[in-house]
Amino acid sequence: MSDLPAGAAAASVPAPGPAGLPAAAASGPAETVVAVFSSSARKGRWRPGARTRAVSVLGDITIDLTEAVFEQQVTEINVTSVLGNVEVLVPENVTLRGYGGGVLGNFEVRGEGVESDPQAPVVIVRGFALLGNIEAHPKAGSRLVDLAQKFRKRLDG
């Protein structure tokens, strides 16, 4: 290692971005979920990016974050629904915020103002519904847990 130039090691590690993530991960491209005359879902064990875009045209989209692994403090979901339906589910102890509206449609974020863990991730849903429906709410009974602590308890006990 002593014969390697000092600049090569420093250049290979990107500068930390928000929430301790590398800058490339924090400002990476937005993930896109599209449903046109169809349905689409993101659920199960997955790592949502800092930004997700959902577009539903006469379709149904479900974005289930109850089993997601959050790599950043703030996750933003931008939703557009035209004659479609979009549902966003979050764990009970995640902070949920919503900004949007609808024209002959519904934009509803339930669970705002509910006390959650201050260290828990924040999910922001921004959207517009034209003759469509956008709903975001906590899923009853699901909670975000520290997986490392859960596995340690399982191994110790």
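Quick caveat, the model's predicted, so the values are computed rather than measured.
For the pair F107/V125, a side-chain contact is recorded, criterion being any heavy-atom separation below 4.5 Å from C-beta on. Side chains of V109 and Y99 form no contact here, defined as non-hydrogen atoms less than 4.5 Å apart. A heavy-atom distance below 4.5 Å is found between the side chains of L65 and W46.
Of all heavy-atom pairs between V33 and S40, the closest is CG1-OG, 3.3 Å. Scanning all heavy atoms of the two residues, the minimum distance from I61 to V55 falls at CD1-O, 3.3 Å. Residue A120 comes nearest to N93 through the heavy atom pair CB-O, 3.1 Å, listed as atom of the first residue, atom of the second, then distance. Across every non-hydrogen atom of P91 and P138, the tightest pair is O-CB, 4.3 Å. Taking every heavy atom of both residues into account, V69 and R47 meet most closely at CG1-NH1, 3.2 Å. Looking at every heavy atom in both residues, G49 comes nearest to T75 through O-CG2, 3.5 Å.
Between the CG atom of L58 and the CG atom of D60 there is a distance of 10.0 Å, given to the nearest 0.5 Å. Considering CD1 of I77 and CD1 of I63, their distance stands at 5.0 Å, rounded to 0.5 Å. To the nearest 0.5 Å, the span separating CG on N133 from CG on N106 amounts to 4.5 Å.
The salt bridge (Lys or Arg N to Asp or Glu O under 4.0 Å) test with E31 is passed by exactly one of R42, R53, R51: R42.
Side-chain N/O atoms of T62 and D64 include no donor and acceptor closer than 3.5 Å. Side-chain contact, H137 with E87: a donor N or O sits under 3.5 Å from an acceptor N or O.
Listed by first and then second residue, the salt bridge (charged side-chain N to carboxylate O under 4.0 Å, His left out) pairs that reach into residues 126-138 are E76-R126, R110-E135, sequence neighbours excluded.
Hydrophobic clustering (side-chain heavy atoms under 4.5 Å, transitive across Ile, Leu, Val, Met, Phe, Trp, Tyr) groups L131 together with V36. By the rule that hydrophobic residues join a cluster once side-chain heavy atoms approach within less than 4.5 Å of another member, L104 and V79 end up as members of separate clusters. Linking Ile, Leu, Val, Met, Phe, Trp and Tyr residues whenever their side-chain heavy atoms come within less than 4.5 Å places F70 and L96 in a single cluster. A continuous path of hydrophobic side-chain contacts links V34 to L83 [ILVMFWY only; heavy atoms under 4.5 Å].
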